[in-house]
Amino acid sequence: MYRDTQQDLVTVIVTYNGDRWIHKCLESLRKSVKTTDIIVVDNASSDRTVKIIQQDFPEVKLITSDQNLGFGAANNLAIQKGLEQGYECFFLLNQDAWVNEDTLGALQEIINKKHEYGIVSPIHLNGAGTDLDRNFRWYMRDQLVPGLLGHLENDSSSKLFDVPFVNAAAWMLSRSCLMTVGKFHPLFHHYGEDDNYAHRVKASGYQIGVLAGVSIYHDREFREEPIRREEFEGKMKKALTLYLLNPLVDHGFWKFFQYTRKTIKRFRQETHQSYVASLWLGYKSMFAVWQETKMEYDLSFRKGS
């Protein structure tokens, strides 16, 4: 399909009421040494997000939805457009994140040269740039990624680390990975879709990498608030669905039951739910997820769409 540039890289951003960040996000892409086309899918924002893009960034290909499609489905819409238009590399960037001038070029170079990598991500700093993003630090802890945190403390050089997972705030993906693995799974509206995708990437034989030496800034606040029962149940369902859709694990019911017990215990400790409530909500979630997922459980269901 015809596209109006010779660009080989497209950046995909999903927005929802992001007027606080979107100018900084898009301006950073404008300043990137490696140029990129940009597709934004707006999930029915009620603030000034769309107006800012239309007025200040006319080069952006803007798709507006009249409903909130969720993170995964909105990304899928833009990714499909990009695939049809022949892009070779896809950079998924959160609306509340922005890049340094050298970030895109360094990530794309890895994707182009090391075809075994389906996803490569930079170092994720907090919005102020004073520390690592809190969740990113957790994903990169020594038990999972030996040596990365130590490297960041003692060395500023570029180095690629194999990782089991990195959140999708800033993913560079190859076209071949997307064609092999597919897009985000429609079961996940918001959160969990990147975990599931990482499982499928690994199951398809690709590696996931984090490139030290280049970074993005991810501006999000963490609020410690008591979790409600419906939120506990939502967390349980998401965790259990991710387990059942993970092509790398045993999906028998006994294994699923054991995983449910461990997950109930972990979430009860994290959220301070009562013992009785956590058991009731946990096992209720287990049977609901088992029934809903197994009804359509085949290879295409695990792969996504």
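- A donor-acceptor distance shorter than 3.5 angstrom exists from the side chain of T180 to the backbone of S176, with no hydrogens or angles considered.
- Looking only at distances, a side-chain donor or acceptor of W171 sits under 3.5 Å from a matching main-chain atom of V166.
- The closest side-chain heavy-atom distance from M179 to S174 is not below 4.5 Å.
- Ion pairing between K51 and D19 fails under the 4.0 Å rule for side-chain N and carboxylate O.
- For S28 (side chain) and V99 (main-chain N/O), a donor-acceptor pair under 3.5 Å exists by modelled atom type.
- Ion pair D131/R137 flagged as a salt bridge, since at least one NZ, NE, NH1 or NH2 atom sits closer than 4.0 Å to an Asp/Glu carboxylate oxygen.
- Side-chain contact check for D133 and Y217: no donor-acceptor pair (N or O, by modelled atom type) lies under 3.5 Å.
- Interatomic distance, K183 NZ to N76 CG, rounded to the nearest 0.5 Å: 5.5 Å.
- For N167 (side chain) and N135 (main-chain N/O), no donor-acceptor pair under 3.5 Å exists by modelled atom type.
- Not one N or O on the side chain of Q108 forms a donor-acceptor pair closer than 3.5 Å with the backbone of C89.
- A side-chain donor-acceptor contact under 3.5 Å links N154 to the backbone of G150.
- Atoms CD and CG, on E59 and L29 in that order, are 9.5 Å from each other to the nearest 0.5 Å.
- The pair D96-K24 fails the salt-bridge criterion, with no side-chain N (NZ, NE, NH1 or NH2) lying under 4.0 Å from an Asp/Glu carboxylate O.
- Considering only heavy atoms from C-beta on, S45 comes within 4.5 Å of N17 through its side chain.
- The shortest distance between side-chain heavy atoms of N196 and N246 does not fall below 4.5 Å.
- No donor-acceptor contact under 3.5 angstrom links the side chains of N43 and Q67, judged on distance only.
- In this structure, the ring of F57 has its center less than 6.0 angstrom from the ring center of H23.
- Looking at D37 and Y87, their side chains do bring a donor and an acceptor atom within 3.5 Å of each other.
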Going through the distances and angles, do K34 and D8 end up as a salt bridge (Lys or Arg N to Asp or Glu O under 4.0 Å)?
CA-CA 10 Å; K34 169 59 187 176; D8 58 349; 3.0 Å; yes
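- Looking only at distances, a side-chain donor or acceptor of T103 sits under 3.5 Å from a matching main-chain atom of S215.
- Without hydrogens or angle criteria, T15 side chain to G18 main chain gives no donor-acceptor distance under 3.5 Å.
- For the side chain to side chain contact (heavy atoms under 4.5 Å, CB included) with Q54, the qualifying choice from D56, V50, I52 is V50, the only one to do so.
- A tilted orientation is assigned to the rings of F184 and Y197, their planes being inclined by 30° to 60°.
- For the atom pair CG of L132 and CG of L152, the computed distance is 6.0 Å after rounding to the nearest 0.5 Å.
- Nearest heavy atom pair, residue A169 against residue H124, reads CB-CE1, 4.0 Å.
- Minimum heavy-atom separation, I208 to A198: CD1-CB, 3.8 Å.
- Side-chain N or O atoms of N94 include none that pairs as donor or acceptor with a backbone N or O of A97 at under 3.5 Å.
- For H115 and Y206, the distance between ring centers is not under 6.0 angstrom.
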Determine, stepwise, if the pair L149 / D142 fulfils side-chain contact (heavy atoms from CB on, under 4.5 Å).
CA-CA 7 Å; L149 295 180; D142 284 339; 4.3 Å; yes
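- Note that the CZ atom of F71 and the CG atom of L92 stand 6.5 Å from one another [nearest 0.5 Å].
- Ion pairing of E27 with R30 is present here, as a side-chain N (NZ or NE/NH1/NH2) and a carboxylate O approach within less than 4.0 Å.
- Under the 3.5 Å distance criterion, with hydrogens and angles disregarded, a donor-acceptor pair is assigned to the side chains of T11 and T36.
- Expressed to the nearest 0.5 Å, how far NE2 of H185 lies from NE2 of H199 amounts to 13.0 Å.
- Rounding to the nearest 0.5 Å places CE of M172 at 9.5 Å from OG of S121.
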